[in-house]
Each structure stands twice: as C-alpha cells, then as structure tokens.
Amino acid sequence: MKILENKKIAIVGGGPGGLTLARLLQIKGANVKVYERDLNKDVRVQGATLDLHEESGLEALRQAGLIEAFYTNYRPGAGALRIVDRHGIIKMDTHEDIDEHRPEIDRGPLRNILLESLKPETIVWDSQFISMIPDGHGWTLIFKNGTTVDADIVIAADGANSKIRSYITPIKPFYTGITIVEGAVYNSENASPKVHELLKGGKIFAFGDDQSLIVSSKGDGSLAFYTGSKTSEEWIKKSGIDFNNKAEVTAWFKKEFAGWDTVWTELFENAEPCFALRPQYCMPLDQNWKALPNLTMIGDAAHLMPPYAGEGVNMAMQDALELSICLTNGEFEDVNSAIASFEKQMCTRAAEAAQMTLNNTEMMHSGDPITTLIDMFTDFETQHNQS
C-alpha cells in the first residue's frame, strides 16, 4: 500500500469491473472514488445474465470477501442451455444435468452486491466524463454536470466507448463483421409465451443461415435477447430503420431472418420499443503501449471484444483483481511500475481471450455451429467431470 499513500484514486465507470476494483482497493485502505454517469443506483440495469468463471469473476469476488453474498443472490439453473436450430427444434438441452461450475447472476443483483460493499459516498452519481487535463502529478477530471475533481491516479472503467482510452493509446478497435440487435421483453411468460416455454428459465442459443439469436431469462420475469448477423460496418446508418420503432424492427427481422420460424417473431412484437444496436468491435490482439505513471484502464475500455465467449465481465473483474494486487502488494517501488506490470499481463491474457472470442464469432455465424457447439460443450463437461 505504500505507493498509494496520500493518493486519491478516481475510477471512471461503475460497472462490475470498476466497482470490483473499488472494493478491492478499499479493503487495502486506499482512498477511492467511483464516478458513474447513471443518475442514481436505481437506474434499471439492462443486459443478459452473467456466468462468472472460477478463475476470474468468482475469484475476484472471493478476494473481495463477497462470495457468500454472490451465492445468496445467484440464480440456480439460469445457466441451463438449449441449443436449437432456426425452427426452434432442440438439438441439445442441459436442463436435466446442469452443473453450477459457472453459476449465473443477473446484472442488477451483482451490481447491488458490489455497491453495498463500498463505503458510503464512494460512488459519485450523475458524473458523465467529458475530458481531463494533466495537473501536476495527477489529473483534473471534467464532467458534463459542470463539476471537476482532482485525482492522483485515474483508472478508466468506462466501457466499450471509453473516452479515457485515447489518453493512453491511439490504438483503435476493428470491426468484426457482425452487428447485434438487442431487445428485452418484460413479463415474458405472458408477453412471449412460446419463447418463454422454450427458454425454461435458462438460455437459448439458436442458429441458422449464418445468423444467431441468443435469449436469456432473468430473475425479474423478463428476458433479454440479441440477434447476430453479418453486415457492413455502415449498415446501421444506411439501413433507414428507426430502431425505436418496434414495427420497423419487427419488419426488419422478418425480412433478414426470413428462413426462421415465426416463433421468434413474438420476441420483437412484444419487446420494449427501444432496441440497442451493437456493431461488434475488437481490439487488435497485439496491442501494447508505454505505461503511464498515473493512468490505466480495465475491462472493455482496455480490451473490447465480442460477447461470444462469455469473457467480458469476467475479464473486467480479473483486471480489477490483478490491478489491485499490483498496486497494493508492496512489490513495486512506484505506481508506474505497478501499472506497467499489470498492463503487460493484462494484454497477454486479453489477447488469448480475444482470439478465442473471434474464433467463436466466426464459428457461430458460418458453417454448422450447432454441431461444433455440441461437441465443444460435451468436451468441456467431460474435462470438468474428470477434474
């Protein structure tokens, strides 16, 4: 902790990575603030459920002293998976023999666990980052609400569209060729009964025609879903579709996924009217930069990649754990050395995960992903049971 004495740390972004880092640093006595753009803690948390991995997400929670809280709030059975074809015919079903070695939790409960573990007033809400300027040995951060703060160390946890990343490196992500259209259905049992029944409280991976549709149940009775299809990088701008207009999005799905069974149409017809568009980008696998003495980044800000390996949140939480160790274990003479060591191991680890993710992205949108995935899951379960 010596290198952090009398230093103010600003974490920009209150997602799982930023909050985990704040908790881990506070345990060691560090002076930490988290600046989050959301207006308050009650803002609805979107997105699918998260499967936390033993060596990354779960280990970070274990070191943060929060593993019991996690198992109190996770959803047994949420990781049960049905792999189906475009007609909704089940090709693999793990409901009968689900193994909780990758337990799942909704984003909202995970966020609450982390928020409740922090000291009062650690989170500074309604703090949308605009820019920052060097100030002596630290930084002055400027927020949209007109406030400014000084910090000795800044850690970017501000996600895929990070505004802080450019202060560290000019390296930009590349487009992977896949665009996701994401939606949500509330009260899915009534609003989308056919898909709700097929979902059976778990997940659906559906494939066909070089396209994908992934559906996840949530503990509040809703479901989240996202399509994946090959498009040009400019497709969103050129499509002419109003993605806040449910009728237009439904018409797009019927046309784009014309070979798919009508069972899937009820997702779009009964979804909330505001769909999220997510062109999938990935950071170069060989990225590196010269470490700075008072600035670093974690999570998607550092190593954005598609979601098709389930690594995003796990990587962010592992980043938080490894960075906290480097900053507090007493092995480095200054913050610059600690950051350099963290970034070296982080970039190596991220490159391996990104390669696996890119392989999965290609596999899921071409050829015969159903057979390949069934083989992969079978091999994974065999290896796990043997260990």
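Keep in mind that what you see is a predicted model, and the values were worked out from it rather than measured.
In Asn40, the CG atom is crowded: over 12 heavy atoms of neighbouring residues, nucleotides or ligands sit closer than 6.0 Å. In the displayed structure, Lys33 atom NZ is contacted under 6.0 Å by more than 12 heavy atoms of other residues, nucleotides or ligands. Within a 6.0 Å sphere centred on NZ of Lys200, heavy atoms belonging to other residues, nucleotides or ligands number more than 12. Counting non-hydrogen atoms of other residues, nucleotides and ligands closer than 6.0 Å to CD of Glu189 gives a total of 12 or fewer. In the displayed structure, Glu233 atom CD is contacted under 6.0 Å by more than 12 heavy atoms of other residues, nucleotides or ligands. Surrounding NE2 of His87 are more than 12 heavy atoms belonging to other residues, nucleotides or ligands, all under 6.0 Å away. Crowding of Lys172 atom NZ: a count of heavy atoms from other residues, nucleotides or ligands under 6.0 Å not exceeding 12.
Closest heavy-atom contact between Ala271 and Val185: CA-CG2, 3.8 Å. Across Gly57 and Met317, no two heavy atoms sit closer than the pair O-CE, 3.6 Å. When all heavy atoms of Trp264 and Gly88 are compared, the closest pair comes out as CZ2-CA, 3.8 Å. Residues Ser192 and Leu267 share a closest heavy-atom pair of OG-CD2, 3.7 Å. Taking each heavy atom of Ile236 and Pro279 in turn, the nearest pair found is CD1-CD, 3.6 Å. Residues Ala22 and Val34 come closest through the heavy atom pair CB-CG2, 3.6 Å.
Using a 4.0 Å cut-off between charged nitrogen and carboxylate oxygen, Glu5 and Lys2 do not count as a salt-bridge pair. Ion pairing between a basic and an acidic side chain is recognised when a charged N comes within 4.0 Å of a carboxylate O; Lys218 and Asp106 show no such pairing. Salt-bridge annotation for Glu104 and Lys203: present, with a side-chain N of the basic residue lying under 4.0 Å from a carboxylate O of the acidic one. Ion pairing between a basic and an acidic side chain is recognised when a charged N comes within 4.0 Å of a carboxylate O; Glu182 and Arg278 show such pairing. A salt bridge links Arg86 with Asp209: at least one charged nitrogen is closer than 4.0 Å to a carboxylate oxygen. Arg349 and Asp319 are joined by a salt bridge, as a carboxylate oxygen and a charged side-chain nitrogen come within less than 4.0 angstrom of each other. Under a 4.0 Å N-O distance rule, the pair Lys290/Glu343 does not qualify as a salt bridge. Between Asp38 and Arg111 there is a salt bridge, with a side-chain nitrogen of the basic residue lying less than 4.0 Å from a carboxylate oxygen of the acidic one.
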Ile123/Lys41 under side-chain contact (heavy atoms from CB on, under 4.5 Å): CA gap, chis, key distance, verdict: CA-CA 9 Å; Ile123 311 296; Lys41 66 180 180 62; over 6 Å; no
Begin from the C-alpha positions of Thr371 and Asp368 and carry the test side chain to side chain donor-acceptor pair (under 3.5 Å) through to its verdict. CA-CA 6 Å; Thr371 298; Asp368 183 10; 2.6 Å; yes
Start with the C-alpha distance between Asp334 and Ser337, add both sets of side-chain angles, then the distance that settles side chain to side chain donor-acceptor pair (under 3.5 Å), and finish with yes or no. CA-CA 6 Å; Asp334 54 35; Ser337 300; 2.7 Å; yes
Could you go through the ring pair (Phe, Tyr, Trp, His ring centres under 6.0 Å) check for Phe268 and Phe253 one step at a time? CA-CA 8 Å; Phe268 293 82; Phe253 176 76; 4.2 Å; yes
With side-chain contact (heavy atoms from CB on, under 4.5 Å) as the criterion, how do Ile9 and Leu4 come out once you've worked through the C-alpha distance, each side chain's angles and the decisive distance to 0.1 Å? CA-CA 9 Å; Ile9 302 173; Leu4 297 184; 4.0 Å; yes
Phe332 and Ile339: CA distance, side-chain angles, deciding distance, side-chain contact (heavy atoms from CB on, under 4.5 Å) verdict: CA-CA 9 Å; Phe332 300 97; Ile339 288 176; over 6 Å; no
Working note: Asp85 + Ile370, criterion side-chain contact (heavy atoms from CB on, under 4.5 Å); need CA distance, chi angles, decisive distance, verdict. CA-CA 8 Å; Asp85 65 15; Ile370 292 178; 3.8 Å; yes
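At least one side-chain heavy atom of Ser131 sits under 4.5 Å from a side-chain heavy atom of Ile142. In this structure the side chain of Leu114 never reaches within 4.5 angstrom of the side chain of Asn112, judged on heavy atoms. Leu358 is listed as a side-chain neighbour of Cys282, based on a closest heavy-atom distance under 4.5 Å. Counting heavy atoms from C-beta outward, Met297 and Ile168 have side chains that approach closer than 4.5 Å. The shortest distance between side-chain heavy atoms of Thr227 and Phe257 falls below 4.5 Å. You'll find the side chain of Gln280 reaches within 4.5 Å of the side chain of Pro307, heavy atoms only. Contact annotation: the side chain of Ile130 approaches that of Lys163 to within less than 4.5 Å [non-hydrogen atoms, C-beta and beyond]. Side chains of Leu66 and Arg23 form a contact here, defined as non-hydrogen atoms less than 4.5 Å apart.
Judged by distance alone, the side chain of Asn288 and the main-chain N or O of Asp286 form a donor-acceptor pair under 3.5 Å. With hydrogens and angles ignored, the 3.5 Å screen pairs no side-chain donor or acceptor of Tyr74 with any backbone N or O of Asp51.
Under the 4.5 Å side-chain contact rule for hydrophobic residues, Ile214 and Ile374 share a cluster. In the hydrophobic cluster analysis, where Ile, Leu, Val, Met, Phe, Trp and Tyr join through side-chain heavy atoms closer than 4.5 angstrom, Leu81 is grouped apart from Val195. Residues Leu321 and Phe70 do not share a hydrophobic cluster, defined by chaining ILVMFWY side chains whose heavy atoms lie under 4.5 Å apart. Criterion: ILVMFWY side-chain heavy atoms under 4.5 Å apart, direct or through other members. Under it, Leu61 and Ile325 are not part of a common hydrophobic cluster.
In this structure, Tyr281 shares a hydrophobic cluster with Tyr175, Met283, Leu304, the cluster being traced through Ile, Leu, Val, Met, Phe, Trp and Tyr side chains under 4.5 angstrom apart.
Here the two rings, on Tyr35 and Phe129, have centers that are 6.0 Å apart or farther. Annotation: Phe207 is not in aromatic contact with His365 [ring centroid separation under 6.0 Å not met].
For the atom pair CD (Glu272) and OG (Ser222), the distance works out to 9.5 Å, reported to the nearest 0.5 Å. For the atom pair CG (Leu110) and CG (Leu50), the distance works out to 6.5 Å, reported to the nearest 0.5 Å. Note that the OG atom of Ser324 and the CD1 atom of Ile27 stand 8.5 Å from one another [nearest 0.5 Å]. For the atom pair CG (Asp135) and CG (Asn294), the distance works out to 10.5 Å, reported to the nearest 0.5 Å. If you take CG on Asp93 and CD1 on Ile83, they are separated by 10.0 Å, rounding to the nearest 0.5 Å. Distance CG/Asp300 to CE/Met315: 9.5 Å, rounded to 0.5 Å.
Residues Gln318 and Asn314 have side chains that never bring a donor and an acceptor to within less than 3.5 angstrom of each other. Using modelled atom types and a 3.5 Å distance limit, the side chains of Glu362 and Ser366 yield a donor-acceptor pair. Counted by atom type alone, Thr372 and Asp375 present zero donor-acceptor pairs between their side chains at under 3.5 Å.
Within the structure, side-chain hydrogen bond (donor to acceptor under 3.5 Å, both in side chains) contacts touching residues 115-126 (residues at least two apart or in different chains) are Gln26-Thr122.
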